[in-house]
Amino acid sequence: MNASAISVPHGHDHGHHDGHGHHGHVTLQYQPGLPLSKGKLIMWLFLSTEIMFFAALLGSYVVLRFGAAVWPKPHHVHLSEPIGAFNTFVLICSSVTIVLALEAARVNKVGLAKTWMLLTLLLGTLFLGIKAYEYQAKFSHGIYPWKPRGLIYERPDLYYGSAVRARLGEPAMIDRLKELDDTPADQLSTDQVAARTRLQQVRKMVASPDQQAFDLAVVADQIMPLPAEGAAHAEGGGDGHGGHGGGLNDVFPWLRLPIVIPGGNMWASTYFLMTGFHAIHVLVGLIVFAILLSYRLDAKRAGMIENAGLYWHFVDLVWIFLFPLLYLF
Amino acid sequence: MSHPAHDPHGPVTRPGETADEALEHSAAHDHGDDHGHGGVGKYLLVFLALCGLTTMSFLTYSPAWPWRDQPQVGWAFMMAVSCTKAMLVVLFFMHVLWEANWKYVLTIPAAMMAIFLAIMLIPDIGMRNRMVSQERALHMARASDVKLLEKAAEAAVDAAH
C-alpha cells in the first residue's frame, strides 16, 4: 500500500497521541494512501472485476432476450415464481446473518458470532439445495443447454416431426410401445389409458403421408403443452393444463420425445450459464464460511469476516437482479 | 478519535506500526465510542425493507395492476425495485454508506464499464434478427409458432369437453 511520510517537528503535535518521540527531533508518521486495510482493498478490487463479470453475463442475457423474435414465458420452461422468491428470501436472510456475525465478532461475542456464521452456512446450503431441485425439474422435462440430452426444438416444423418419428422408431422404443399397447387397461391408471390413446393418435399423425402443418403443432402440444399464461402451474403436470392430463412426456417419462419451446434453446443456454456461475459463487462463499468457522471469531478476525461478508453480499446482489430477470419478466 | 470516513487523512500510524495495524487500531476505537453506524436494529429494518420490496415485485401479477397489456411497465417497475434492493444491500450491509471517498474510485469506473459492455453488445447481438440468413430464418422460432401452439392447445381443450 502507498504510504506517505509526514515529518512533524517535535513539540508540534496534531493532538492525536502520544508519549512517543521524546528522544528524536523529528517524528515520522505514516498514513496509508487509502484508509482501508489491504485485505479489504483487495476484496473491493476483486468485487469490481466481479461487477464487470456479471454485467457481461446479465448484459448479454438482456440483449439476447430483447433481440430475440420469441422468448419463452417462465411457465413454458417450468420456472416457479414462488420457489424463486423463496430463494431470494433465503439469500437475504443469509446476508443479515453474516452482518450480525460481524457485529458480534467486533464486540468479542465469540459464541454468538459462530452461531450467526453457522446459520449463514446453512442458509447458503439451503439455497443451493433449492437450486438443485429446480435444475432437476428442468432436466426431467428435457430442458438441457445442449443436445443430445436437450429435447428442445424451436418450432413445430418438418424437422421436429421427423425427430419425433425417429425417436418413436428406435428399436427399444418400438418394443416398449408394443408392450404398452398390449397392457390391459385395468393395469393402467385412467390418466395412462387416456394418454395411451393420445399417444396412438400422435404416432399416426407423425407417420401420416398427408400431414398438415397444424398437425405437428398438435403433436407438440400433446407431448409437452405450453401452459397458458395465468393458469396455476402445478409442478410435475397433473390435471393443471386445460383439457388434457399433462403432456405425454409427463405421463410416460421413458418416452423422452422431442418437445417444442419457441426460443427455448437460447433460454436454456442463458439460464444455466447465469444461475450456474451464480451457484459456483455461492459454493465458494460456503467454503469460505466453513474455513472461518474453524477460527475463533473475535475482534481480531473481524477484518476477515467483513471481507467474506462483502463477497457474500455481492453474491446476494447478483441474485437480486437474476430473480426478476429470469422468473418474473 | 474521529471516524475514518470523516478524517481526510485516514488513520495515522505510530512509529513502528504498520498501516494495517493502525487501521485495526482505529477500527477498535470506532466501536469503542462510536455508534453512528451499523447496529442490529438498523440491519433488521433493512431486512424488512428487502422482504417488502421482494413482495412488491409480485404486484405486477396482481389483478389490480393496471398495465397488464404493457409488460414494459412491469419490467421497468421490477427493475426499479431491484435497484432499490441493491442500493440497500450495498449501502447498509456492505457498509458503503459509512466508507470514505475511495468507494467512488472503485465502484463508479467498474459500473460505467459494465454499462458500456452491455451497450456494446447491442449492434451485433441485440439487432441480430434485423437481417438474418435464409438458413436461420428457416429454423428460428417466430411469434407465429407460438400462435400455432396456442391454437393446438385450444383445440385439445375443445376436444376434451
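All of these numbers come straight from a predicted model, not from anything done at the bench. Below, chains carry the letters A, B, ... as their sequence lines are ordered, and counting in each starts from 1.
For B:Arg142 and A:Glu154, the salt-bridge test fails: no basic side-chain N is under 4.0 Å from an acidic carboxylate O.
Heavy-atom pairs under 4.5 Å with chain B were tallied for A:Ile51, A:Leu64, A:Val218; the largest tally goes to A:Leu64. In terms of heavy-atom pairs under 4.5 angstrom with chain B, the leader among A:Ala85, A:Gly263, A:Ala68 is A:Ala68.
Neither the backbone nor the side chain of A:Tyr311 comes within contact range of chain B; no heavy atoms are under 4.5 Å apart. Of the two parts of A:Leu100, only the side chain, counted from C-beta on, holds a non-hydrogen atom closer than 4.5 Å to a non-hydrogen atom of chain B. There is no contact between A:Phe53 and chain B, counting heavy-atom distances below 4.5 Å. Residue A:Glu50: no heavy atom, backbone or side chain, is found under 4.5 Å from chain B. In this structure, chain B has a heavy atom under 4.5 Å from the side chain of A:Leu47, while its backbone stays farther away. Both the backbone and the side chain of A:Phe329 come within contact range of chain B, with heavy atoms under 4.5 Å apart. Proximity to chain B involves both the backbone and the side chain of A:Ser48, based on heavy atoms less than 4.5 angstrom apart. Within the 4.5 angstrom heavy-atom criterion, no atom of A:Ala194 approaches chain B. Only the side chain of A:Leu102 comes within contact range of chain B, judged by heavy atoms closer than 4.5 Å.
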Apply the test side-chain contact (heavy atoms from CB on, under 4.5 Å) to residues B:Leu149 and A:His76: give CA-CA distance (whole Å), side-chain angles for both, the deciding distance (0.1 Å), then the verdict.
CA-CA 12 Å; B:Leu149 288 167; A:His76 294 173; over 6 Å; no

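Between the side chain of A:Arg155 and the backbone N or O of B:Val146 there is no donor-acceptor pair closer than 3.5 Å. The main-chain N or O of A:Ile320 is found under 3.5 Å from a side-chain atom of B:Ser82 such that the two form a donor-acceptor pair.
Note that CG of A:Leu216 is 11.5 Å distant from CG of B:Asp145, once rounded to the nearest 0.5 Å.
Side-chain contact check for A:Lys40 versus B:Glu99: some heavy-atom pair is nearer than 4.5 Å. Put simply, the side chain of A:Leu36 reaches to within 4.5 Å of the side chain of B:Trp102, judged on heavy atoms.
Note on ring orientation: taking the six-membered ring where Trp is involved, the planes of B:Trp75 and A:Phe66 are perpendicular (angle over 60°, cut-offs 30° and 60°).
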